[in-house]
Every structure is written in structure tokens, then in C-alpha cells.
Number of protein chains: 2
Amino acid sequence: MTSTSARPLEHPQREEIRLEAVLHALSDPMRLRVVRYLSVLDDHDEAPCSAIELAVSKSTTTHHFRVLREAGVISQIYRGTAKMNKLRRDDLDALFPRLLDTILDADAAQRRRLA
Amino acid sequence: MTSTSARPLEHPQREEIRLEAVLHALSDPMRLRVVRYLSVLDDHDEAPCSAIELAVSKSTTTHHFRVLREAGVISQIYRGTAKMNKLRRDDLDALFPRLLDTILDADAAQRRRLA
DNA sequence: TCCATTGTACGAAGACCTTCGTAGTTTGAC
DNA sequence: GTCAAACTACGAAGGTCTTCGTACAATGGA
């Protein structure tokens, strides 16, 4: 059976999330790509780290996911050998209304423009 | 007479402005503070670097203003001994609709919350 | 002309960031 | 029990960021 492990993963509480940390987390192209990927999943759906192919080593991937988690942008949970990720949309929207969508829109606009 | 000097200052063209650079520029509390300050000026009004007191040395101040300029967030122009700054609102709004205001709103919300 | 004001250039220190490889842990399947 | 898959921990290299002090340049006013 695939179950959630007891291995602990530190997440900031909603009220501990800081705008500066969120902006810094999203200012890296690789991390923005992860967020873009997660943003198109159904709400409450989640993806393992391995689902998003980043052209870097596994340890670098781990690093970037951790930055996103510690900034409060994503939540992570172990399921079996996988570590599932999803956007903390509710928390971000509650703290910073429209911020996530506006940044994703800006990213989409830029990608369209530079295509 | 107070005139605009010929001293050159490099600014990215509108189409050279990158979302990642903007987010990175705004992810620093000191730089976000500068942008907050400039955002409440009347449109097309401008402020010298010295108008915003940051608790750091002059050279550090110069550095942060330069990061904002090179990211395309502000424009700078010499007037006499002063260097005047203003937000590149039109350019940012054209490229990334609502981004600047949404980030400023998020900043205001966070400051209210943590007050 | 001389000076105060405003900001720059440069070099350096120390912190932090991104990346990697290697070795290891945890889990579920066989 | 053994194995493969997924991910981590650690340490290190190389780069960038933030900060400073000192010395300097440009400007406008007395």
C-alpha cells in the first residue's frame, strides 16, 4: 500500500510566509518552471519531483524544490518512495490575493512574447 | 540652472525587461522599500536617491538603485548633482499587466498583517 | 574660485546560491 | 530478503550578492 511516511518535512505556517521569500523563490527560471507545471494540475492534485524534467542533477532538483517549500510556495509530502508536490494556492491567495496568478500570467505573456 | 547631464545611464529597452529579473529585484526588502516609496509619487514625478533613507552606506544605496534600474523597474536620470528616480510603470504594465500593483498590494497586506 | 552636496568607482570581505558527485536512506515490489 | 526507484545528506567548487570604506567626479551656490 502506498502510504504517507512519517518522515518530517518542515513547512512554514501560512502566517509565516513572506512576500520577499516568495518573490525570491519565483525569480529563478527553474523554480518558476516547477510552479508553472504544478499550476496546471487540478486543484488538490499533486506531482512527484520526477514528473518535472529539469536539465540538472537530482541533488540540484532537490535543492530547488526545497527552496520552494521553505518559501511556502509548495507543499511536499512523502508517498512511498516519491515526494509529492503541490502549490499552496489557498495560502498564497489568502495572504497575497491574485499574486500567484498575476505572476503566472506575466510568465505566460513573456513566453509568448519571446517565442 | 538645474539641467540634465550628459552622463550616460544604461537602461534596458522595454522588450528587454525580464520577469525573473524584476522578481529578483523586488525580492530584496530594501529595494522593495524604494519601489514602495516611488509608487506613491504622482505619475511622472521623480525622487532623488537621497529622498529614501535606507540604513546603509551610500555605496550600498547606489548598488540597490542600480539593480532596480538594470532590471527595468526604475529609470534614472541625472539632474544637477542629484540622480532622479521613477518607476517604469508604463513599461511594466505593458509587459506584465497588474504585476506591479499586485506586488505592491501584497507588500501592503503583509505590512498591515505584521504591524 | 572654493566648497558642500550628491552620487560613483573600485576593491575587498563575507555571506549566500547553484551546481555537482558520491554515498546513503526509505519504500514498495518480487 | 533482495532489489530497484526516488529522493536526501554532505561536502565542495565556483559564482553572485550585499556590504563597506576610501578616494573621486560632477554640479550648483557663495
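Atoms considered below: every heavy atom in the structure, side chains included; atoms not considered: hydrogens, waters and symmetry mates. Chain letters run A, B, ... following the sequence lines, proteins first and then strands; every chain starts at 1.
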- Mind checking whether L23(B) and M30(B) sit in one hydrophobic cluster, side chains of I, L, V, M, F, W, Y counted as touching below 4.5 Å? yes
Can you tell me the distance, in whole Å, between the [atom1] atom of [X] and the [atom2] atom of [N]?
X	N	atom1	atom2	value
I77(B)	dG7(C)	CD1	C1'	15 Å
E20(B)	dC17(C)	CD	C1'	17 Å
Y78(A)	dA5(D)	OH	P	19 Å
E46(B)	dG7(C)	CD	P	12 Å
M84(B)	dT6(C)	CE	P	11 Å
E10(B)	dA9(C)	CD	C1'	16 Å
R79(B)	dG7(C)	CZ	C1'	16 Å
M30(B)	dC17(D)	CE	P	16 Å

- Please determine if a side-chain N or O atom of S50(B) lies less than 4.0 Å away from the OP1 or OP2 oxygen of dT5(C). no
- Judged by atom type as modelled, is there a donor-acceptor pair below 3.5 Å linking the side chain of R69(A) to the main-chain atoms of E10(A)? yes
- R113(B) side chain to L95(A) main-chain N or O, any donor-acceptor pair under 3.5 Å? no
- Sub-4.0 Å heavy-atom contacts from residues 55-70 of chain A onto DNA chain D, ordered by number: K58(A), S59(A), T62(A), R66(A)
I'd like a table of donor-acceptor pairs (distance under 3.5 Å, sequence neighbours excluded) in which one partner is a side-chain atom from residues 41-48 of chain A, with atom names and distances.
| residue | atom | partner | partner atom | Å |
| --- | --- | --- | --- | --- |
| D43(A) | OD1 | R89(A) | NE | 3.3 |
| E46(A) | OE2 | R79(A) | NE | 2.5 |
| E46(A) | OE2 | R79(A) | NH2 | 3.3 |

- Within a strict 4.5 Å, meaning less than it, do heavy atoms of the L19(A) and L32(B) side chains meet? yes
- Is the number of heavy atoms from other residues, nucleotides or ligands under 6.0 Å of E16(A) CD greater than 12? yes
